[in-house]
Peer 1: 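First, the structure itself, so that you have it in front of you.
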Amino acid sequence: MAQNLGQEDEETMDFVYGSEDMISLATGKQKPVPRAPAVATVITAEDIKEIGATDLDEVLETIPGLHVARAPQGYNPIYSFRGIFSQFNPQVLVLINGIPITNLFHGDRNQIWGGMPLQAISRIEVIRGPGSAIYGADAFAGVINVITKTKQDIKGTEVGVRAGSFSTWDAWALHGGSWGGFDIAVMLEYGDTNGQREIIDADAQTFFDDVFGTNASLAPGPVNLQRENFDARLDITREHWRLRAGLQRRRNFETGAGVAEALDPNGQFASDRWNVDLTYHNPEFFTKNWDVMAQLSYLDTTQEVQQDVRLFPPGADFGAVPGVDFPEGVIGNPEVFERHARFNISAFYKGFDKHQLRVGTGFYYGDLYKVKETKNFLQDPITGLPQPLGSLRDVTGDLSLVFLREENRKNYYFFMQEVWNFANDWELTAGLRYDHFSDFGHTVNPRLALVWLTRYNLTTKFLYGRAFRAPSFAELFNINNPVTLGNPDLDPETIETIELAFDYRPTDELHFALSLFHYQWDDIIQFVSEPGVAGHIARNAGEQTGFGMELEADWGLTDDFHLLGNYAFQQSTDEKTDENAGNAPHHQIYLRADWEFLPDWHLNPQLNWIIDRSRVAGDNRLEIDDYSIFDLTLRRMVLKEHWEIAFSVRNLFDSDAREPSPVSSPKTFIPHDLPLAGRSFFGEVRLRF
């Protein structure tokens, strides 16, 4: 039986799929996931509780085709979609309430990311694949939108506390209510941890000790992952207006496996990220056919040094002068300060029969307005090795010594999107976005999505999209760094993706989804060596292709037992070397169960199995070991009406799980990869009133 995809049966479809299976990320308007013109996943606050997650990264690891790897610097997450992997990971766009949190410096979420707690999150929407036709720059390999709670989500007051391994504890307080005609939600979260301390057995200084006959390395030694997080959010709404504000404060942020891949137990960073946005949304602006939204937003973000950061430990000696070159270690304290302002306005028009038109325009201004640095070294222009500067000096403003130029970026854009319901069971979405950037020119990115209700319980999608990734300021404007020099003449990276997807629901309790994809990634920005140039300079030098599939299943066996899982496969090729692109898993399996074995008692086991990761070309180490991590969460709901308790064990079988460390020449600095946490325990208590 064919079904009409028009707006008249939106309410019916909402009833069939339920509000939790709706997504707005694919078009800008709420739509059931099976009908959205994208391969998408929605994770709700209830899902997050079921798996006992304490951080955003633990949630994202459950999504098919997405693997969370780690960078040595601070163990920052690398969100690897479909085999697209890079150390700073600027190919993934992360939004909070639809607003990018991308930093100019490395194009990522800030080097002092420090994780993101979960109690304030209502839902997470994820698109696997390109999204630049809607969201512009960096919606490249995937888009992640974190939607925070409102008064309706909280419904009163909730307080809670969690404690567990690694001297970790978290506390939170949420309140949602009305005051003076306004709906108000206030969310506060605080967390402190010493972090897991798995052992790195050799690091960059180990290599230099061998070369220069020193004994300075701190390896074997633990990774350093202490951090203190404070998050605050405010949401105020009245009629068509919404004001949101937030603060993410990070303190005592340690350096993981080291900024230069040499262990540093004392260096600490700090960061403050302030954001505010004012949104006007009127679904019947002129008439019932006009749905208009305008938004003004501001983000201020910093990378600051709290305790001197040592690139190499005390006693490091590179043979520059008689005696020990660096008795206090090689100290480099890079700090950046950014501000971002955005304005956009868009409108849906649904007055045409079988058509829904969306148009929008906007402006973005990003300013890396302050670069600060103190350091006690120079780098040899021939070898790139540190040489003593004489003392710890403030080189801020000295363009002959500081690591980065202060610059700004302006971007204006226009986009349009047409949804055409040209037959009862066919819907075509066509979109086009034009962007102009002040530093690298313009780009045009289209997309097409054909959605076919093949049967009453089967949906088929044919998808095409082109996306771009804007060069980061480190790639454009790095200076005084013979190892990696910026290049102001870079073009953006581009990707073209085609997808075929199916969504099949044979019964009310059983759901399958399958997606097949192929992509071509061009103009990859890499740091390459050139004759006559010391070190490496940024060039559009790489090319990668990939293909794969993602299979999902969701089965409600009984009213009390629910089973879901997914399997993802990808094969990606570095076209320069004709070898596997490396680092990302070829196979990934995720399984989870929700069993209510007694009234209000829930048991949630989950298994994440990472299989078959190749090294990149030129890395002759053995392939990275597979690993599987089994977690278990036991939760007692509605205890004495207002209370809730839970207990989780992560990595129950204490698997030796590792993520790939970067390859270096002539020798990889951390040869045995980056160890993840072993077995750990957490308990939590919540009170609602």
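Note that the structure is predicted; figures quoted are calculated from it, not measured. Along the sequence shown, the residues carry numbers beginning at 1.
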Peer 1: Tell me yes or no: between the side chains of Q570 and H586, is some donor less than 3.5 Å from an acceptor?
Peer 2: no
Peer 1: Restricting to salt bridge (Lys or Arg N to Asp or Glu O under 4.0 Å), what partner residues turn up for E125, sequence neighbours left out?
Peer 2: R123
Peer 1: Under 4.0 Å between a side-chain nitrogen and a carboxylate oxygen: does that hold for R635 and E684?
Peer 2: yes
Peer 1: Can you tell me how far CG of L500 sits from OG of S515, rounded to the nearest 0.5 angstrom?
Peer 2: 9.0 Å
Peer 1: For a quick check under 3.5 Å, do R244 and N275 share a side-chain donor-acceptor pair by atom type?
Peer 2: no
Peer 1: Roughly how far, to the nearest 0.5 Å, is the OG1 atom of T507 from the NE2 atom of H511?
Peer 2: 11.0 Å
Peer 1: Which of these, R82, R128, R447, sits in a salt bridge (Lys or Arg N to Asp or Glu O under 4.0 Å) with E499?
Peer 2: R82
Peer 1: Suppose we screen for salt bridge (Lys or Arg N to Asp or Glu O under 4.0 Å). Which residues come up paired with R273, at least two apart in sequence or across chains?
Peer 2: none
Peer 1: Do the rings of F569 and H587 sit parallel, tilted or perpendicular, given the 30° and 60° boundaries?
Peer 2: tilted
Peer 1: For R613, is there an ion pair with D673 - N to carboxylate O distance below 4.0 angstrom?
Peer 2: no
Peer 1: Looking only at side-chain N and O atoms, does T237 offer a donor or acceptor that is under 3.5 Å from a partner on D235?
Peer 2: no
Peer 1: Taking the six-membered ring for Trp, are F647 and F681 parallel (under 30°), tilted (30 to 60°) or perpendicular (over 60°)?
Peer 2: parallel
Peer 1: Just checking, any donor-acceptor pair under 3.5 angstrom between side chains of H106 and N89?
Peer 2: no
Peer 1: Hey, mind stepping through Q119 and R686 against side chain to side chain donor-acceptor pair (under 3.5 Å) and telling me if it holds?
Peer 2: CA-CA 11 Å; Q119 304 306 324; R686 297 170 189 256; 2.9 Å; yes
Peer 1: Between the side chains of D108 and Q111, is a donor N or O closer than 3.5 angstrom to an acceptor N or O?
Peer 2: yes
Peer 1: Is a side-chain donor-acceptor pair under 3.5 Å present for Y627 with E659?
Peer 2: yes
Peer 1: Does the pair D183/K151 count as a salt bridge with the N-to-O cut at 4.0 Å?
Peer 2: yes
Peer 1: Using modelled atom types and a 3.5 Å cut-off, is there a donor and acceptor pairing between side-chain atoms of R679 and backbone atoms of L652?
Peer 2: yes
Peer 1: On the 0 to 90° scale, with breaks at 30° and 60°, tag the W601-F597 ring pair as parallel, tilted or perpendicular.
Peer 2: tilted
Peer 1: To the nearest 0.5 Å, what is the distance between CD1 (I154) and CE (M187)?
Peer 2: 5.0 Å
Peer 1: Assess the side chains of Q91 and S86: does a donor N or O sit below 3.5 Å from an acceptor N or O?
Peer 2: yes
Peer 1: Quick check for you: to the nearest 0.5 Å, what is the distance between R505 atom CZ and N457 atom CG?
Peer 2: 10.0 Å
Peer 1: Classify the side-chain pair Q588/E61 by whether it contains a donor and acceptor separated by less than 3.5 Å.
Peer 2: yes
Peer 1: Indicate yes or no: at least one non-hydrogen side-chain atom of E50 is less than 4.5 angstrom from one of T633.
Peer 2: no
Peer 1: In Å and rounded to the nearest 0.5 Å, what is the CZ to CG distance from F502 to L551?
Peer 2: 12.0 Å
Peer 1: When you compare the side chain of F462 with that of I498, does any pair of heavy atoms fall below 4.5 Å?
Peer 2: no
